[in-house]
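The next block holds one structure in the form of structure tokens; read it before the comments.
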Amino acid sequence: MVIFIDYIAQGFKEAINLLISFDKEIYEIIFLSLFVSTSATIIASLIFIPLGIHLGIKDFRGKRVLSRILYTLMSTPSVVVGLLVAILLSRRGPFGYLDLMYTPKAMIIAQTLLVSPLILGLTYSLSKNRGKEIQKIGITLGASKLDIIILVTRELKIDLIVNIVTAFSRAISEVGAVMIVGGNIKNKTRVITTAISMMNSMGEYPMAIALGLVLLIISFGINSLIYSYSGED
Amino acid sequence: MKKFIALTLSLILALTLLVGCGQGNESQDLEEAEENVVEKEEESNETSGERIILATTTSTQDSGLLDYLLPVFEEKYGITVDVVAVGTGKALEMGRNGEADILLVHAKASEEEFVAEGHGLERRDVMYNDFVLVGPAEDSLALKENYPNNILGALAAISENQATFVSRGDDSGTHKKELSIWEEAGIEPAGDWYLEAGAGMGDVLKMADEMQGYTLTDRATYLNMRDVLELEIVVEGDENLFNQYGIIPVNPEKNDQINAEGAQKLFEWFLSDEAQNLIGEYGVEEFGQPLFTPNAK
Amino acid sequence: MEITISALKKYYGDKKILDIDGLSIEKGKITGLIGPNGSGKTTLLRIISGLDMDYAGTIKYDGSLLDEGIYKKMTLVTQKPYFFKRKVYENIEHPLKVRKVNKAVRKKKVEEIMYRFEIQDLRNKKGHLLSGGESQKVSLARALIFEPELLLLDEPTSNIDPVSIKIMEREILNFNRETKGTVLIVTHNIEQAERLCHKIIPLDGGKVVE
């Protein structure tokens, strides 16, 4: 127990030391984490928010089946996504010629695939529940189909941002996919979660705790931003 | 108000994801280890109830050696051995914290230090395996031709030509071994060509395969994965590549939970002729060569 | 020049909601649809406005079938209107914006209609924060701003104060007189129907009462 408390105390101390000393390695790891997960979230959002809104307000056969498929995909384990992308991108895979395996690009692809069902599913259910009403008024006031998608996006802005952040949180906190397709290579593809996982297996708890704290600080910062933003509305 | 609730819930969800995953990563291995322990404990309750925790390196586990050896011991003594396979650094750490009863690791200097500091009772040689340098079949540097059993020369050629080399980079026994050989060769590996993976042996082999690079691997893991790799052995048999395993019972004064008696039995059994012979036979059937060479004195 | 409805049938599950054949609504006039709850009045408006396209039968507008071009010429004001989470001014301006009317004209029209509905002081209030009477006036103003050819009203004045009702009725009559716009109004208030309408069509059980 004493040893345990020692670890925690040392972890905190080291975390603060690393952060205030602008340790290059740790900042590179943090920056890459943010870069990969932000890129993936933006790509997935640009494609799947409009699609989710469209599907949500559209009446078509198989809507219920689609919901079920989406909810299943939303909870796909990240290692499964990582495995899929690794198979596709590996040298002997169909996209092996692109030479993307073990690069940040591969990590972005994997995380994009990971959060896309989440973005699509959350947007879809939001739009299904609340988009109809907006679509109706759009129709009665003479909006075109594109006008309606823009209208719904704007009206549901706050909820969509919350969804985007949820997706980002999933991306930045996952370890399975980036580990498999990135490989946790120092100075190249090492991100916060893979670094933590590695530090643990090396028995370096202080550094692992330091990075864990950084992850929490990032999440706290983003969520505070949203709070203040939604407060303005 | 509804929106506020929805927002709050979403945020809680988001936070939970972060927190959950963060903690998960940190304690994953330990939790897994504990889960295994619990499972086995239930099993063993039905038999004799006695168990010991063996902290060892991933290489002994991955090579299948322990799955082959330990059942013989368990049957003979009625003691269940719970294996926690981690890096050498972590295994020694577990010993220091009294979380394991006995260690089977391969980092001689650290092990001797471990015993000298009073964490372990004594250290004895058990067996050795060897490392090999593997690389792409094309072997454009012609290492196989020029340095078939000269690892120092091969590493010098790799660093001069800046050929991709994938390092474990995880503070494992294999990683330490690799670093000691670089040191022996008088080279400080650094640069774009030298990739520190921070991953297990299997992952690193796949990475080297994928990137057409070189890596240092234990023979057993390589032989196990040979079928799915396009890598070939380029350097082997150099004395620098031998890897000595030692066994150390943890000092029972650490805490009450340490099973010193059981650990002593396993310690003696590993050094016995029976176990030594079994070690020498392991792998011959499958690979045509033993994976470990017993050398207990 | 009229709206004709022939062989219109609408079901919810097995239940027949509407069964109307050979009904015509004269353009340029105010027509009232009256009837008890569940007589199909609201459903008929939803079908004409394009919100509900799941029906059998034909509805023609000036001799042609309903399509997006025609939907753009009409609008529907409901009992509980939805407002964008923006200012009243922007809510009223919206239909002109989607019709690409230039900004100066938009401003002039919005100011004028807010004056007529006596809602200038609401201009900066957020749409979703309006009270019942306010929201009905803003909703009607938003509908009239682009001078639709056909105005569909679904009980626009239920549960609101007499002053607001008076303003709304005045503006409905003005709209019809000034632009010759057609009005189809669902109401259960017979006096209101008599005050406003040129013609009253009673509905019951989804059918026109002869």
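So you know, we letter chains A, B, ... as the sequences are listed, proteins then strands, and number each from 1. All heavy atoms count here, side chains included; hydrogens, waters and symmetry mates do not. Computed from a predicted model, the values in this text were never measured in an experiment.
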So, the part of C:L76 with a heavy atom under 4.5 Å from chain A: the answer is both
**Message:** The test is salt bridge (Lys or Arg N to Asp or Glu O under 4.0 Å); show your working for C:K27 and C:D62 and say whether it passes.
**Reply:** CA-CA 9 Å; C:K27 287 188 74 181; C:D62 285 349; 3.1 Å; yes
Evaluate salt bridge (Lys or Arg N to Asp or Glu O under 4.0 Å) for C:R99 paired with A:D147, printing each intermediate quantity in order. CA-CA 11 Å; C:R99 286 171 178 78; A:D147 284 334; over 6 Å; no
In terms of heavy-atom contacts, does CG of C:N159 have more than 12 from other residues, nucleotides or ligands at under 6.0 Å? no
Looking only at C:T78, C:V98, C:L152, C:I145, most heavy-atom pairs under 4.5 Å shared with chain A are made by C:V98
If you tally heavy-atom pairs under 4.5 Å between each of C:M74, C:H94, C:R86, C:K97 and chain A, the highest tally belongs to C:R86
So, the part of C:R142 with a heavy atom under 4.5 Å from chain A: the answer is both
Exactly one of C:R123, C:R106, C:R116 clears side-chain hydrogen bond (donor to acceptor under 3.5 Å, both in side chains) with C:E111, and that residue is C:R123
If you tally heavy-atom pairs under 4.5 Å between each of A:G142, A:A143, A:G138, A:S144 and chain C, the highest tally belongs to A:G142
Discussion item. Does A:Y27 have more than 12 heavy atoms from other residues, nucleotides or ligands lying within 6.0 Å of its OH?
Written reply: yes
Residue from C:F146, C:Y71, C:F84 scoring the most non-hydrogen pairs under 4.5 Å with chain A is C:F84
